[in-house]
Amino acid sequence: MLQAMSGEALFMGRLSHDGDLLAELTRLCRERGITAGWISAIGAVKRARVGFYDQVARQYCFLDLDLPLEITNLTGNVSLKDGETFVHAHVTFADDAGRAFGGHLAPGTILFAGEVLIRSFATTAFQRDLDAETGLFLWRG
Ligand code: ZN
């Protein structure tokens, strides 16, 4: 299912030092009333927590990276879950040797600095429900 998007608005801003990256993105989207959108960000974190979805066990495993890292890329989307603005983001980090780590962005990733671009769309069509095939909360098909 593909849906044409309209009512585009762009927001660009700085993220808070010591803020939780996922909570910060969610707060900014909720403050602007964004119900659908796309997020891109770069910056640095003091530590990171990312998830990997175990497709057999149908649960997330988490990796804690307790070291300073660059955010080399964050890509995410905004939709609705239980009627609330919900951010889903994946992120890639690099350490001081350029080694990359990444995964599903989880709470517990603490910002050093960050810059974000959010592209929002005027729709409430993207809502998440539990998907029986995957065990994930996916967009209604
Ligand atoms: Zn994910």
Side-chain angles (χ1 to χ4, degrees), residues 1-95 97-141:
M1 179 265 315
L2 282 180
Q3 173 157 344
M5 306 300 283
S6 62
E8 182 181 33
L10 291 173
F11 302 93
M12 199 158 89
R14 173 181 157 171
L15 301 172
S16 303
H17 182 78
D18 278 335
D20 182 285
L21 179 53
L22 181 58
E24 185 91 349
L25 295 173
T26 302
R27 179 182 64 77
L28 291 170
C29 290
R30 287 183 178 172
E31 281 177 4
R32 290 289 183 164
I34 297 170
T35 54
W38 198 255
I39 299 176
S40 177
I42 57 172
V45 299
K46 294 180 167 182
R47 63 176 185 272
R49 183 170 167 82
V50 292
F52 175 86
Y53 190 67
D54 183 324
Q55 297 174 17
V56 175
R58 292 187 167 214
Q59 64 183 21
Y60 279 97
C61 309
F62 292 95
L63 175 64
D64 287 296
L65 301 161
D66 194 13
L67 71 168
L69 297 160
E70 294 289 318
I71 303 170
T72 55
N73 184 61
L74 179 149
T75 299
N77 60 51
V78 186
S79 58
L80 295 170
K81 183 179 172 191
D82 299 324
E84 297 266 8
T85 294
F86 180 84
V87 172
H88 176 207
H90 287 194
V91 63
T92 306
F93 301 101
D95 71 7
R99 288 177 294 235
F101 306 90
H104 172 100
L105 178 62
T109 298
I110 305 304
L111 279 156
F112 183 76
E115 299 167 346
V116 64
L117 173 70
I118 303 171
R119 174 178 287 175
S120 76
F121 302 98
T123 179
T124 56
F126 289 85
Q127 311 217 13
R128 293 185 179 277
D129 288 315
L130 184 59
D131 175 71
E133 278 184 327
T134 62
L136 293 166
F137 284 85
L138 301 180
W139 291 336
R140 293 176 188 165

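If you read the sequence from its start, that first residue is 1, and numbering goes on from there. Remember, it's 1-based here, ligands and their atoms both numbered in the order they're listed.
A cation-pi contact, defined as under 6.0 Å to the ring centre and within 45° of the axis, links R49 to F62.
Here H88 contributes atom NE2 and I39 contributes atom CD1; the two are 11.0 Å apart, rounded to the nearest 0.5 Å. Note that CG of N73 is 10.5 Å distant from CZ of F93, once rounded to the nearest 0.5 Å. Distance CG/L21 to CD1/I110: 9.0 Å, rounded to 0.5 Å.
Across all non-hydrogen atoms, the minimal contact from T85 to V78 is CG2-CG1, 3.6 Å.
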Let's go through F52 and H104 carefully: what are the C-alpha distance in whole Å and the side-chain angles of both, what is the deciding distance for ring pair (Phe, Tyr, Trp, His ring centres under 6.0 Å) to 0.1 Å, and is it a yes or a no?
CA-CA 6 Å; F52 175 86; H104 172 100; over 10 Å; no

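Protein N/O/S atoms closer to the Zn ion (ligand 1) than 2.8 Å number 3 in this structure.
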